[in-house]
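What follows is a short report on a single structure.
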Amino acid sequence: QAAEIKIGVTEALTGPVAKYGVPIKNGFVLAADEINAAGGIKGNKIVLVIEDEQAKKEEAINVFKKFIFQDKVLAIFGPTLSNSAFASDPIANKEKIVVFGTSNTAEGITDIGPYVFRNSVAEADILPIVTKVATKKLGLKKVAIIYGNDDSMTKSTYEIFLRSIKAEKLEVVDTETFAKGDIDFSAQLTKIKSLNPDAVFCGALVEEASNIILQARKLGIPNKIRFIGGNGFNSAKLIEIGGAAAEGSISGSPWFLDDPSKINQTFVKAYTKKYGMAPDQFAAQAYDALYIMAEGIKAISLSGNVEKDRTTLRDALAKVKNFKGVGGLFSFNESRDAEQKGRVLYIKNGKFAIYAE
Amino acid sequence: MFLQQFANALVLGSVYALFALGFTLIFGVLEVITLAHGAVFMIGAFAGLAVVTKFNAGLIPAILVGMMASGILGWLIDLLAIRPLRKRKFHHLAPMIATIGCATFVISISQGVFGAEIYRFPFDFMPATSYNFWAMQLTLLQIIIVGVALALMLIIIFLLNRTKWGKAVRAVAETPRTAALLGIPVERVFQLTSFSASALGGAAGVLTGINFNAIHTFMGGPIMHRGIAVIILGGMGDIRGAVVGGLILGFAEIMSVAYLSSDFRDAISFGLLFIILLVRPAGIFGSNIERKG
Amino acid sequence: MLRLENIIKDFGGLRVLDSLSLQVGEGLIFGLIGPNGAGKTTLFNIISGLSRPTAGRVIFNGTDITHLPPSSIAACGMGRTFQNIRIFKELSLLENVLAGMHRLFTYSPVAMLLNLPVQKREEKALREKALEILELFHLAGKAKRQAESLSYGEQRKLELARALATSPKLLLVDEPAAGMNPAETEELMGEIVQINNRGYTICLIEHDMKFVMGVCRQVAVLNFGELIALGSPQEVKCNPLVIEAYLGKEECK
Amino acid sequence: MTEFLMSFWQTYNTLFYTVLVHGMLALSIYITLACGQLSLGNAAFMGIGAYTAALFTLKLNAPFGLSLLAGGMLPAFVALIIGVPTLRLSGVYLAMATLGFGEVVRVVFLNMSITGGSVGLNGVPPKTELWHLLLVMGVLIYFFLKLKNSRFGRALEAIREDEVAAAVMGIKTTSFKVWAFVIGAFIAGVAGGLNAHFTFFLSPREYGFDFAVDILTFAILGGTGTFWGPLVGSTILTILPEMLRFLGSYRLALNGLILVLVVVYLPNGIITVKKKD
Amino acid sequence: MMLLELKDVYVNYNHIQALKGISLNVAEGEIVALIGANGAGKSTTLNAISGLLKTTGGNIIYEGSNITGHSPQSIVRSGIIQVPEGRAILTTLKVRENLEMGAFTRKNDRIKDNLDAVFARFPVLQKKAELSAGNLSGGEQQMLALGRALMAKPRLLLMDEPSMGLSPILVREIFQIITEINKQGTSILLVEQNAQMALEVSRRGYVLETGHIVLEDTSANLLHNEKVIHAYLGG
Ligand SMILES: Nc1ncnc2c1ncn2[C@@H]1O[C@H](COP(=O)(O)OP(=O)(O)OP(=O)(O)O)[C@@H](O)[C@H]1O
Ligand SMILES: Nc1ncnc2c1ncn2[C@@H]1O[C@H](COP(=O)(O)OP(=O)(O)OP(=O)(O)O)[C@@H](O)[C@H]1O
Ligand SMILES: [Mg+2]
Ligand SMILES: [Mg+2]
């Protein structure tokens with residue numbers, strides 16, 4: 001008799017943050033369907049319990065409690081933003097249930113406790129390499145920075161960039177900020193243009209990033225002045241919105257859409273077929289995350305006592321090593337963060353390509 | 001650089017002004033701060049986008065369709081959420097809350113239909129060439145935006161002050177009851193105002209959408225909140241105020257980034273608005289001709 | 001009791017009050033009349049602090065109140081009604097009058113929170129007094145009604161009741177009889193005299209000559225912001241300037 | 001049965017806590033609405049209170065009561081500073097001032113290091129317990145009950161109805177308005193402090209314009225004739241989205257629709273005071 | 001045929017009955033006075049005729065057709081114009097614009113002449129034509145309200161206390177104007193507190209008491225009626 005493995009997924013499915021939350025959910029659903037179609041985990045089907053958390057911390061807490069006490073799920077994925085995770089993950093940790101974040105990039109998330117995991121790419125590993133490669137290849141000397149200062153993701157991109165820029169001994173001629181939801185960046189870019197940097201480092205998510213690049217070109221910042229970003233750049237939307245202006249933009253990430261590896265191409269095809277659009281990095285990470293979780297579940301035998309299974313799952317999950325996913329080889333390090341090799345990417349002829357390994 | 005920043009400010013200010021025109025008009029006549037104006041603005045942008053992508057339409061049809069869609073939405077909101085209130089006594093903020101409900105509804109449904117991601121108008125839709133004036137670089141579209149904002153202001157002022165129906169609108173704006181006694185079809189004026197003011201919001205949506213390439217379900221949010229500041233600053237219900245207020249906010253934002261710090265942009269620009277209000281409590285064009293006797 | 005010294009008031013380019021000086025003695029019923037637009041209401045607004053004179057001083061009981069805010073002027077013992085009726089529409093009649101008594105209450109926030117006897121005592125006593133004032137205007141029966149539901153004339157009376165409730169030393173009344181029929185006006189005259197007998201000084205603007213002649217002891221006539229006549233009703237009535245500007249020939253019979 | 005109740009409570013206790021906190025916020029704006037002022041700053045006051053209380057707990061290890069008190073006092077003090085110049089003037093003036101104020105507060109939170117910038121403050125210890133919330137709410141209800149038929153309550157109502165007329169009655173309109181605003185800020189700040197200590201985490205984004213409007217909605221929807229209105233409004237609006245979960249991604253649409261319907265059918269709020277007319 | 005007939009009209013405000021079945025009529029070319037104490041329901045009657053208030057019973061017949069429940073603007077269009085109580089002028093509009101709005105329902109061509117006629121009658125208004133109407137003094141506002149009603153070329157003028165707040169000279173002037181307007185063919189239903197004057201200029205009168213018509217007679221008779229003298233003339 002096959003049992004059901006209930007896993008809670010809570011993401012921001014409505015509200016402005018839904019543009020991240022929805023692809024994440026899609027990634028999970030795709031992976032779950034694939035696993036179940038292939039016979040489940042040892043014959044047991046995965047059942048995703050999906051709830052919206054609107055990117056509000058109170059809602060995330062409510063959903064977590066519902067998952068834990070009412071739905072009695074085995075483990076939880078989510079929430080979308082680090083901010084909400086800081087509010088809800090302590091609850092999971094206290095109740096001894098695995099919470100697995102796929103998009104929480106803020107520092108300190110896994111410090112909440114031993115039950116907190118994530119596979120979100122640590123930009124801290126890849127961005128220094130991006131900076132280094134770009135400096136060398138482009139012969140950078142002075143650079144400008146623009147980032148969103150009211151968002152923890154973009155702010156952390158900025159901080160990592162700043163460190164690596166210092167390490168490369170580049171001169172920062174100007175640092176500009178913007179706020180979430182801004183559409184006009186002309187003032188910042190006019191200022192940057194007047195200072196004539198060799199490149200612009202950009203801590204922005206894709207919708208702002210693409211507009212920043214577009215407006216920069218309109219204001220006459222030439223294409224040879226490259227924009228260099230974090231994994232917020234890693235989305236087909238950047239090409240769709242930015243078009244020719246985005247050509248040459250550099251970023252870093254373990255996964256990218258046009259990665260020719262077979263596993264990735266299968267994923268991209270299946271996702272595109274199912275949802276009518278290309279996956280982004282958030283979807284890819286969620287997709288991998290469910291397979292990683294499945295690895296963990298495979299390693300334990302379910303007792304039927306959900307409290308007990310939750311703790312055994314934690315231990316098994318922490319041991320996942322060298323999992324091969326769409327983002328390459330993946331392991332958890334001892335603090336349950338992602339250990340994954342990043343790649344330096346750039347946009348070439350309207351596609352993501354490897355700038356340097 | 002100053003001249004370019006000046007141009008940037010002019011464009012941004014005009015965008016705010018465009019948004020605020022309809023916003024302030026509804027306030028002036030219906031005495032409702034319609035927090036659905038952001039949603040109306042968004043629907044205009046999507047409607048414009050839809051005709052362009054589906055039927056390859058040009059700028060003018062895109063704007064017209066955007067205005068139509070927003071106008072109808074605004075009219076429906078008026079009909080279903082505000083009009084029932086007009087017939088009864090109500091708390092003066094009740095209609096505003098009703099419009100919040102409408103906004104939530106419209107945005108939520110649009111998210112179901114369009115999803116949460118962002119869209120843009122096709123690349124070749126507007127020529128990307130820039131024109132140079134002294135040291136200012138502006139695209140054709142940006143020039144259109146500035147021109148349209150100013151032209152609309154003048155047209156609306158003309159209509160309100162010089163035409164019979166315009167005066168009727170002002171009469172209704174002041175005291176619907178007295179207007180009714182003069183034979184003005186008050187209800188029709190309310191609905192007409194809701195429609196046209198929302199259509200203005202739609203035009204703003206389309207132009208903003210084309211210029212900033214960021215059409216999404218939540219695009220009305222950030223501009224709403226600035227729109228409120230603009231119409232208070234300009235003088236609630238004053239058409240000139242909407243444009244001048246919009247320009248002031250645009251200049252404050254751009255210039256604080258250009259010469260102070262982008263970190264504190266919003267604090268500086270809102271602080272400035274606050275100081276202006278200390279000097280002119282009723283807004284730049286607001287007047288208190290309330291007689292105390 | 002009230003002394004106006006060279007009051008000037010301009011609105012934009014328009015001079016509405018021109019170097020006006022005037023005195024109102026204690027205990028009087030003082031009438032202020034004049035054509036429409038002469039500046040009577042403007043003068044009331046200046047006296048009660050709602051608008052500032054362009055120049056000149058307002059002295060009330062020896063203190064210069066020209067630049068005091070309206071609430072402080074009220075605290076000095078000035079009450080008023082408005083030509084356009086400004087009652088608290090959503091409150092009941094009783095609450096209107098109690099609000100008028102605001103400055104007679106003395107209990108502190110602490111007394112309020114702890115329900116101290118001083119609060120109960122004051123609330124009870126003043127509530128009774130409020131009903132009494134309403135009774136004076138025959139409104140006690142409607143004390144619990146919402147003020148808005150009163151007819152125009154009743155609203156005027158309520159406003160007067162509310163002004164009286166502030167226990168002013170000087171009561172400024174702007175056209176109390178507007179909207180009342182002669183019988184009611186007569187009744188109101190009685191009430192005004194009664195109020196005056198209780199020791200309140202009253203300064204009133206009114207266009208009903210019967211009213212003015214019937215109750216005022218002294219009358220000032222304003223025309224285009226200038227004082228054109230001052231004296232007893234009889235004197236003023238037959239002053240040719242007044243007849244020309246304001247009364248018309250028929251009144252001086 | 002008890003097991004069901006247990007799991008019900010475990011699941012929904014945070015929701016219940018939130019209902020109480022939102023109730024306090026609704027009361028905090030009610031008192032400014034009661035004198036006819038429209039404040040869009042209560043979310044920011046809540047934010048100041050939340051940060052202050054959390055920092056007192058985190059950095060100074062202050063006892064919870066002291067943290068809460070500080071969380072109330074600082075916003076009250078700030079309200080005093082912005083209230084005095086703005087409340088001399090009337091109309092939508094306070095709305096604008098508080099709208100701008102909210103922006104300034106957000107930017108300040110973002111740019112200070114002690115507040116953690118955009119990352120926010122995490123790891124606030126869970127100190128808020130049910131009885132804290134009930135106690136504060138109880139005190140507030142007592143306060144508003146007493147206020148209602150007192151000279152102070154009447155003065156507020158008079159100011160709301162007609163400020164000029166109220167001034168002529170000798171009511172010191174400015175100081176009443178400032179007091180109401182300051183008390184509102186205090187309440188919002190305490191609510192923020194309580195909230196911070198059961199949600200573990202604060203970020204500047206939570207206290208923005210949208211939430212300010214939500215708070216206003218609580219009050220208006222519930223009705224501003226009596227303080228019970230805002231309490232009912234906040235309770236309904238807090239619970240409703242949770243009850244509508246089964247609708248999935250369209251729950252907000254229905255939420256919006258319900259809001260419109262309630263306003264249309266009860267334009268003076270859910271709780272209205274009956275006066276004879 | 002009667003120009004206007006009210007047949008057993010009832011009006012409620014929520015739960016209060018303000019009109020409890022009143023019947024009255026105005027013949028073509030007549031001035032009819034409606035007098036009564038404060039709160040008797042006079043304004044309510046006029047507002048019901050103007051379509052601002054819903055009747056809960058009875059019929060209002062104008063020129064033989066039933067206009068009960070018609071919208072205010074169609075009633076204005078049919079020639080019934082009200083000069084409301086308390087000078088409901090549009091304070092943010094200029095004086096001239098107020099007057100123009102008075103002619104809202106009319107075709108534009110003759111408005112100019114009309115405006116001149118009103119200015120000739122009220123020179124103050126011409127002097128202040130370009131001022132915001134809110135800045136007028138009380139009396140000036142009353143004149144504006146009357147002038148505005150004349151702009152509509154009414155067939156039937158409903159006047160709610162037109163003499164309120166006017167100086168004695170102006171009161172006489174207003175009554176004179178009322179008579180003149182009437183002579184030029186406008187029928188008038190006049191609500192007045194100044195019962196003496198109202199009965200002097202009118203042909204017939206009605207006395208309203210707490211929502212009932214209690215007396216109805218020619219004005220001349222009413223002027224000598226004991227009860228009227230006692231209650232409304234201040235005898
Ligand atoms: N705020 C203002 N701006 C410009 N003019 C004003 C203002 N207030 C009053 N006036 C003008 O001042 C003059 C005097 O007005 P006021 O209201 O004092 O007259 P009044 O003597 O009370 O007349 P009434 O008896 O008709 O009430 C009028 O001509 C009026 O138009
Ligand atoms: N908006 C309202 N709501 C409730 N009751 C009202 C309202 N307006 C008037 N009333 C009531 O209806 C009755 C008639 O009022 P109305 O205004 O018609 O009197 P009126 O005869 O015009 O008196 P006045 O001479 O004082 O103007 C009064 O008892 C009044 O209290
Ligand atoms: Mg006056
Ligand atoms: Mg009346």
Side-chain angles (χ1 to χ4, degrees), chain C residues 11-12 14 16 33-42 83-85 138-139 142 145-146 148-157 174-175 177-189 205-212 214 221 223 237 242-252, chain E residues 13-16 18 35-44 84-88 91 124 127-128 131-132 134-144 160-161 163-173 176 191-198 207 210 227-235:
Chain C
F11 283 115
L14 191 71
V16 175
I33 61 174
N36 296 111
K40 306 179 294 293
T41 301
T42 307
Q83 188 172 354
N84 303 333
I85 304 190
H138 308 289
L139 288 172
K142 296 181 174 176
R145 280 235 216 151
Q146 195 167 333
E148 192 177 29
S149 72
L150 296 182
S151 76
Y152 198 85
E154 291 169 316
Q155 294 190 5
R156 281 214 171 280
K157 290 192 175 184
D174 200 346
E175 301 200 19
M180 299 200 178
N181 69 34
E184 290 163 333
T185 306
E186 221 158 87
E187 193 181 298
L188 186 68
M189 283 163 73
I205 298 175
E206 187 48 70
H207 287 300
D208 185 328
M209 280 309 111
K210 251 199 205 151
F211 195 111
V212 176
V221 189
N223 193 22
K237 199 166 154 182
V242 180
I243 291 179
E244 204 214 332
Y246 183 61
L247 291 176
K249 284 188 241 5
E250 282 111 275
E251 291 285 336
C252 180
Chain E
Y13 291 104
N14 296 326
H15 306 292
I16 308 172
I35 59 177
N38 288 146
K42 305 181 294 294
S43 304
T44 306
E85 179 176 52
R87 320 173 173 128
T91 56
V124 216
K127 225 172 70 197
K128 304 201 167 177
L131 231 62
S132 285
N135 289 338
L136 297 187
S137 82
E140 292 161 348
Q141 294 187 0
Q142 184 67 59
M143 286 184 255
L144 178 58
D160 202 346
E161 309 198 19
S163 76
M164 180 164 65
L166 295 193
S167 71
I169 287 190
L170 282 177
V171 171
R172 268 190 298 275
E173 208 176 310
Q176 215 171 334
V191 164
E192 251 306 331
Q193 293 292 6
N194 194 333
Q196 180 82 37
M197 286 285 231
V207 177
T210 57
K227 202 177 157 226
V228 173
I229 292 174
H230 179 70
Y232 303 107
L233 300 177

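Since this is a predicted model, take the numbers as computed values, not measurements. Letters A, B, ... are given to chains in the order of the sequence lines, protein chains preceding strands, and every chain is numbered from 1.
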For C/Glu244, what residues pass the salt bridge (Lys or Arg N to Asp or Glu O under 4.0 Å) criterion, not counting sequence neighbours?
none
Option that, when pairs with chain E are counted at under 4.5 Å, heavy atom only, ranks first among C/Arg156, C/Glu184, C/Lys40
C/Glu184
Is the closest side-chain heavy-atom distance between E/Pro168 and C/Tyr246 below 4.5 Å?
yes
In a check of side-chain contact (heavy atoms from CB on, under 4.5 Å) between C/Asn36 and each of E/Val124, E/Ile169, E/Leu136, E/Leu170, which one passes?
E/Leu170
Heavy-atom proximity to chain E below 4.5 Å, by part of C/Ala177
neither
Heavy atoms only, distances under 4.5 angstrom: which of E/Asn38, E/Ile35, E/Asp160 has the most pairs with chain C? Name it, please.
E/Asn38
Ignoring hydrogens and geometry, is there a side-chain-to-backbone donor-acceptor pair from E/Ser167 to C/Pro35 under 3.5 Å?
no
How long is the straight-line distance from NZ of E/Lys42 back to OH of C/Tyr152, given to the nearest 0.5 Å?
12.0 Å
Hey, could you give me the CE/NE2 distance between E/Met164 and C/His207, rounded to the nearest 0.5 Å?
11.0 Å
Answer whether the closest heavy-atom distance between the side chains of E/Ile16 and C/Arg145 falls below 4.5 Å.
yes
Nearest 0.5 Å please: distance from the CG atom of E/Leu166 over to the CG atom of C/Asp208.
12.0 Å
Heavy-atom pair with the smallest gap, counting every atom of E/Gly39 and C/Glu154
CA-OE1, 4.4 Å
